[in-house]
Amino acid sequence: MSESRNEFTGLVEETEESHNDTTTLLSGSVTSSSGKYTVGRRRSLEEEGGLGGDDNVGEYTFDEAVEHMGFGKFHWKLLILCGVGYFAEITELVIVGFVAPAIEKDMGLSSVEYGLLGSSSFIGMAAGAIFWGYISDRFGRLVSFSLTVWMTFIGGFLSAFSPNYPILFILRFLAAFGIGGMLPVDYTIFLEFLPTLKRGSHIVLVDAVGVIPALFVSAIVAYCFSGNDDIRWRWVLGIVSIPVGVMAVLRRHVPESPRYYLAINEVDKAQKILEEVAAANGVSLPPGRLAPLRRPAGDAADGGGGGSHGNISLLFKGDTLKATTPRLWLLWFLTQFSSSGMVFALPKIFDETFSVSKKRIALDLLWGVFGLVPGLAIAYFVVERSRKYSLAGYYVAAGASVFMFMLATVGFLRNEFLAVLMSVALRGAMEGCFAILNCTSVEAYPTPVRASGLGNAQIFDHIAGAISPLFFSIFNDNTKLRPIAMTLYAVAYLLAFLPAVTLPKDYVGQAIKD
């Protein structure tokens with residue numbers, strides 16, 4: 001067995017934890033583009049005399065199947081459809097932050113109502129993350145995968161026609177409730193179809209597919225519907241929701257996660273979906289049949305969704321998760337506290353610092369999109385070297401960018417060009433943090449609580465996002481106090497360095513848990 005394991009260069013190194021919680025990755029050699037495949041489980045049985053030489057007899061594990069199929073046409077389509085969740089979140093945060101001053105003026109909002117407008121997104125996302133994460137783990141990924149995107153589209157589109165502030169608040173909450181569920185469910189279903197090779201890089205691509213179009217579309221729409229002194233915010237809210245509606249129609253063709261079916265002992269259904277994926281990728285499955293999931297005694301799943309599915313106590317099961325879960329919660333809180341605060345603050349700071357037109361502000365914000373390309377490109381490569389150390393590096397870069405932006409806007413280096421440059425750097429570092437944190441969070445948990453694990457972590461993300469705009473609004477009433485707010489945002493990024501580097505496990509090249 002050790003010789004065959006050396007033949008497979010892409011093999012994931014086993015650990016004690018992965019041995020207990022998941023099936024072992026294949027021990028043979030794989031050439032995905034051909035029909036050649038040596039199944040480690042089959043070879044072991046043949047050596048023990050349990051199987052004959054008939055290629056139609058025997059079993060293969062789920063991990064063996066996905067490693068054999070590789071990353072193909074099906075996965076590229078799924079990647080694009082899963083990116084819509086991140087697209088929706090980014091447009092929600094950016095557009096609400098951009099149009100909030102216009103809504104404040106149009107509806108005559110108080111300072112508290114203005115802050116609550118930004119916070120409504122995060123309140124809805126927090127509720128959605130809890131609810132849809134549980135539904136996904138308990139009843140399957142597909143229900144949440146479909147309903148969340150429709151809820152996001154309907155709430156977002158109708159908010160453009162809001163007659164007053166209470167209706168607008170409710171509709172933005174509804175859209176955010178859907179977005180809150182899209183993120184944990186989308187990352188979960190995408191992960192569960194992925195082979196180990198470049199798994200982290202492919203998850204980073206979900207962020208790229210979502211955030212780059214989101215910021216580009218948001219900035220273009222904002223620019224087109226901004227005058228010198230006003231913003232046609234209803235047009236902006238309505239138009240940016242249309243891509244989400246298109247994706248809602250396309251997502252109905254995505255199948256249920258076969259790994260979820262396997263976890264609830266629906267082996268035949270999992271086998272059928274694997275066959276469909278293999279056909280879409282133009283490859284064949286390994287010879288034989290999909291093996292049932294091997295579980296420790298007393299940990300069997302049932303056909304009704306599994307008694308342990310969605311059980312939050314599993315987020316702390318074992319020494320590794322006891323140490324990992326609190327760190328992830330803290331990382332999500334610190335990351336979103338700083339990021340949402342700066343995203344919400346940027347339009348107002350540009351407006352009041354440099355006294356330029358609304359159209360010019362939209363153009364300045366558009367430049368921030370260009371920071372995403374190098375930020376995510378670097379993340380694509382470094383995430384396969386180390387999850388936690390690359391994440392820590394991005395936190396340092398983000399904190400430094402906020403400090404420099406502060407000096408370029410309210411400090412002694414006041415300069416519009418430098419402020420735009422620092423906002424570009426901040427966007428890249430910010431998105432690198434989120435991309436790698438998403439990857440680490442979804443990899444950390446076993447199948448019965450994978451969506452709930454990411455969903456519960458994002459509760460802290462959304463709580464921070466709800467607090468941060470209110471926090472900035474308090475300091476914004478006195479422009480002399482703005483440096484204090486931005487300093488705290490920078491410090492929060494830097495504080496995240498410690499829990500990142502002390503994560504107990506790095507998931508590069510390791511099998512995910514079943």
Side-chain angles (χ1 to χ4, degrees), residues 17 21-22 82 85-86 89 122-149 151 176-194 203 206 256-266 293 295 299 301-302 304-318 320-333 335-336 434 437-465 503 505 507 512-514:
E17 186 171 352
D21 292 328
T22 188
C82 287
Y86 212 54
E89 181 189 30
F122 294 97
I123 296 170
M125 288 182 197
I130 299 171
F131 179 79
W132 293 112
Y134 175 79
I135 293 297
S136 178
D137 282 334
R138 187 69 179 174
F139 302 106
R141 319 301 190 203
L142 201 55
V143 173
S144 301
F145 192 72
S146 299
L147 292 181
T148 52
V149 68
M151 183 175 294
F177 188 80
I179 293 171
M182 288 171 71
L183 290 172
V185 175
D186 288 8
Y187 279 97
T188 293
I189 197 169
F190 185 62
L191 174 81
E192 292 178 346
F193 279 99
L194 288 179
I203 294 175
V206 175
E256 177 61 89
S257 165
R259 193 179 285 270
Y260 175 82
Y261 273 142
L262 191 64
I264 61 172
N265 207 28
E266 296 280 358
L293 188 63
R295 295 179 177 274
D299 192 30
D302 61 74
S308 64
H309 284 242
N311 186 343
I312 304 303
S313 66
L314 293 181
L315 302 182
F316 299 91
K317 183 178 181 181
T320 298
L321 287 182
K322 284 179 182 177
T324 298
T325 296
R327 284 172 170 80
L328 289 178
W329 289 358
L330 179 59
L331 286 171
W332 277 108
F333 182 89
T335 306
Q336 191 60 269
F434 279 116
L437 187 55
N438 276 321
C439 177
T440 302
S441 300
V442 77
E443 288 179 323
Y445 297 105
T447 302
V449 288
R450 183 164 293 122
S452 295
L454 181 54
N456 277 270
Q458 288 191 333
I459 294 172
F460 295 87
D461 167 282
H462 302 322
I463 290 173
L503 284 168
K505 191 172 181 180
Y507 298 94
I512 61 173
K513 303 175 189 177
D514 285 317

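Nothing here was measured: the structure is a model prediction, and the numbers come from that model.
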Enquirer: Atom OG of S144 and atom CZ of F139: how far apart are they, to the nearest 0.5 Å?
Expert: 10.0 Å
Enquirer: Given side chains that start at C-beta, do those of S136 and F145 come closer than 4.5 Å, heavy atoms only?
Expert: no
Enquirer: Would you mind reporting whether C82 and I189 have side-chain heavy atoms less than 4.5 Å apart?
Expert: yes
Enquirer: Any heavy-atom pair between the side chains of L142 and Y260 that's under 4.5 Å?
Expert: no
Enquirer: About how many Å separate CD1 of I512 and CG of L191, when rounded to the nearest 0.5 Å?
Expert: 4.0 Å
Enquirer: Would you indicate whether the side-chain heavy atoms of I203 and V442 approach each other to under 4.5 Å?
Expert: yes
Enquirer: Please name all residues satisfying ring pair (Phe, Tyr, Trp, His ring centres under 6.0 Å) with Y187, sequence neighbours left out, ordered by chain then number.
Expert: none
Enquirer: Which atom names give the shortest non-hydrogen contact between L314 and P448, and what distance separates them?
Expert: CD1-CB, 4.3 Å
Enquirer: Atom CG of L262 and atom OG1 of T447: how far apart are they, to the nearest 0.5 Å?
Expert: 8.5 Å
Enquirer: Evaluate the side-chain proximity of L315 to T324: yes if any heavy-atom separation is below 4.5 Å, no if none is.
Expert: no
Enquirer: Please walk me through it: do V449 and I312 pass side chain to side chain contact (heavy atoms under 4.5 Å, CB included)?
Expert: CA-CA 7 Å; V449 288; I312 304 303; 5.7 Å; no
Enquirer: Distance-only criterion, 3.5 Å: show the donor-acceptor pairs between side-chain atoms of residues 454-463 and protein atoms not counting sequence neighbours.
Expert:
residue, atom, partner, partner atom, Å
N456, ND2, S452, O, 2.7
D461, OD1, Q336, NE2, 3.2
D461, OD2, Q336, NE2, 2.9

Enquirer: Please round to the nearest 0.5 Å and tell me the distance separating atom CE of M182 and atom OG of S146.
Expert: 10.5 Å
Enquirer: Which heavy atom of A451 sits nearest to which heavy atom of G133, and what is that distance?
Expert: CB-O, 3.8 Å
Enquirer: Do the ring planes of F434 and W332 sit parallel (below 30°), tilted (30 to 60°) or perpendicular (above 60°)?
Expert: tilted
Enquirer: To the nearest 0.5 Å, what is the distance between CZ on F177 and CD1 on I179?
Expert: 12.0 Å
Enquirer: Ignoring hydrogens, what is the shortest heavy-atom contact between A444 and L328? Give both atom names and the distance.
Expert: CB-CD1, 4.2 Å
Enquirer: Would you name the heavy atoms of E256 and F193 that are closest together and state the gap between them?
Expert: O-CZ, 3.7 Å
Enquirer: With heavy-atom distances below 4.5 Å as the criterion, would you say the side chains of L321 and K513 are in contact?
Expert: yes
Enquirer: I need the L331 CG to L503 CG distance, nearest 0.5 Å.
Expert: 6.0 Å
Enquirer: Give me each pair satisfying salt bridge (charged side-chain N to carboxylate O under 4.0 Å, His left out) with a member in residues 438-452, each pair once, sequence neighbours excluded.
Expert: E192-R450, R199-E443, R387-E443
